[in-house]
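Working notes for the structure below.
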Amino acid sequence: MRSVTYSMGVSLDGYIVRPDGNFDWTAPDEDVFRFWIDEIRDVDVHLLGRRLYETMLYWETADQDPSLDESMLEWTALWKPLPKVVFSTTLSAVQGHARLASGGPAEEIERLRAEPGAGEIAIGGATLAAEAAASGLIDEYRVMVYPVLVGGGIPFFPRHERRVDLELVETRSFGSGVRYLRYRVARRSAQSVSSG
């Protein structure tokens with residue numbers, strides 16, 4: 001079964017954007033950008049909320065920009081053909097290799113998991129990820145922590161009163177002070193639940 005991963009940049013105090021919607025601290029340096037390029041290679045489909053979809057629209061035509069460097073062109077070549085599912089109640093159409101979701105995150109993830117494929121189902125956007133997390137659908141949290149405190153905004157982790165045990169499976173430090181943390185959700189088997 002394909003894994004569902006939630007991966008975004010986050011401030012040290014846990015926010016993906018400031019209260020004013022700004023996330024300028026997440027502009028990646030070359031090493032971090034190279035990491036994101038390598039990460040996207042393992043993704044079969046990307047689920048996005050409206051705000052992230054609109055932010056990422058730039059990459060649908062970025063290859064026409066003559067000032068793009070080699071890394072940005074490589075990212076564009078990977079992002080453009082990637083199937084995307086956009087969750088929005090306000091958009092009536094989407095561009096590129098994207099479609100509007102016909103159901104909620106649980107229905108879409110169930111449908112995508114039933115399809116053939118070995119790549120990951122990636123989720124982007126805190127609101128969308130919170131819905132998936134509430135249903136226990138996220139298998140991995142991948143957090144790119146930036147050395148900045150922003151004091152509020154949209155939190156990376158949903159604020160549900162529910163415990164989720166995690167296993168640290170990978171860390172990586174970058175020269176810019178950014179730290180990558182990859183956690184797998186620790187799923188308890190039915191046997192351990194009944195004996196515990």
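We're numbering straight along the sequence, starting at 1.
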So, do R50 and T127 sit near enough that their side-chain heavy atoms are less than 4.5 Å apart? no
So, for V32 and S176, which heavy atoms are closest and what is the spacing to 0.1 Å? CG2-OG, 4.3 Å
Listing request: all ring pair (Phe, Tyr, Trp, His ring centres under 6.0 Å) pairs with a residue in residues 113-143, at least two apart in sequence or in separate chains. Y141-F157
Looking at side-chain heavy atoms only, is the closest gap between R99 and V85 below 4.5 Å? yes
Quick one: salt bridge (charged side-chain N to carboxylate O under 4.0 Å, His left out) partners of E120, sequence neighbours excluded? R142
Can you tell me if CD on E115 sees more than 12 non-hydrogen neighbours from other groups inside 6.0 Å? yes
Rounded distance [0.5 Å steps], CG in L137 versus OG in S3: 12.0 Å
For the residue pair G9 and W36, what are the closest heavy atoms and their distance? N-CZ2, 4.4 Å
S92: what forms a side chain to side chain donor-acceptor pair (under 3.5 Å) with it, not counting sequence neighbours? none
Smallest separation among heavy atoms of L100 and S88, with atom names: CD2-CB, 4.5 Å
Would you sort out whether M8 and F23 count as a side-chain contact (heavy atoms from CB on, under 4.5 Å), showing the intermediate values? CA-CA 11 Å; M8 291 189 77; F23 54 95; over 6 Å; no
Write down the atom of P155, the atom of A126, and the distance for their closest heavy-atom approach. O-CB, 3.3 Å
What pairs meet the salt bridge (Lys or Arg N to Asp or Glu O under 4.0 Å) rule with one or both residues in residues 125-139, with sequence neighbours excluded? R113-D139, D139-R187
Excluding sequence neighbours, so at least two apart, what forms ring pair (Phe, Tyr, Trp, His ring centres under 6.0 Å) with Y183? none
If you group Ile, Leu, Val, Met, Phe, Trp and Tyr by side-chain heavy-atom gaps below 4.5 Å, do V4 and V169 land in one group? no
Could you list all the salt bridge (Lys or Arg N to Asp or Glu O under 4.0 Å) pairs where at least one residue sits in residues 169-184, not counting sequence neighbours? E140-R182, E140-R184, E170-R182
Are Y53 and H46 close enough that some pair of their side-chain heavy atoms sits under 4.5 Å apart? no
d(D31 CG, S173 OG) to nearest 0.5 Å is 11.5 Å
Atom pair CZ/CG of F87 and L47 - distance to nearest 0.5 Å: 5.0 Å
Across all chains, not counting sequence neighbours, the ring pair (Phe, Tyr, Trp, His ring centres under 6.0 Å) partners of Y58 are none
Is it the case that more than 12 heavy atoms not belonging to R51 sit under 6.0 Å from its CZ atom? no
List for me each residue that meets side chain to side chain donor-acceptor pair (under 3.5 Å) alongside R111, sequence neighbours excluded, and say none if there are none. S102, E108
Nearest-0.5 Å distance, CG of residue L12 to OH of residue Y146: 13.5 Å
Scanning both residues in full, the closest heavy-atom pair of V185 with I138 reads CG2-O, 3.2 Å
D44: partners by side chain to side chain donor-acceptor pair (under 3.5 Å), with sequence neighbours left out: R2
Once ring pair (Phe, Tyr, Trp, His ring centres under 6.0 Å) is applied, do any residues pair with F156, and if so which ones, sequence neighbours excluded? Y6
Set of side chain to side chain donor-acceptor pair (under 3.5 Å) partners for D69, sequence neighbours left out: none
Run the numbers on I123 and I109 for side-chain contact (heavy atoms from CB on, under 4.5 Å), then give the verdict. CA-CA 10 Å; I123 293 182; I109 289 170; 4.1 Å; yes
Less than 3.5 Å apart, which donor and acceptor atoms pair up between the side chains of residues 73-80 and the rest of the protein, not counting sequence neighbours?
residue	atom	partner	partner atom	Å
E74	OE1	R34	NH1	3.0
E74	OE1	R34	NH2	2.9
E74	OE2	R34	NH1	3.2
E74	OE2	R41	NH2	2.2
T76	OG1	M72	O	2.8
K80	NZ	E60	O	3.4
K80	NZ	D63	OD2	3.1

Got a donor-acceptor contact below 3.5 angstrom from the D13 side chain to the V150 backbone? yes
I'd like to check R18 versus D24 (side-chain heavy atoms, cut-off strictly below 4.5 Å). Are they in contact? yes
What do you reckon, is CD of E110 surrounded by more than 12 foreign heavy atoms closer than 6.0 Å? no
Mind listing the closest non-hydrogen atom pair of G125 and L52 along with its distance? N-CD2, 3.7 Å
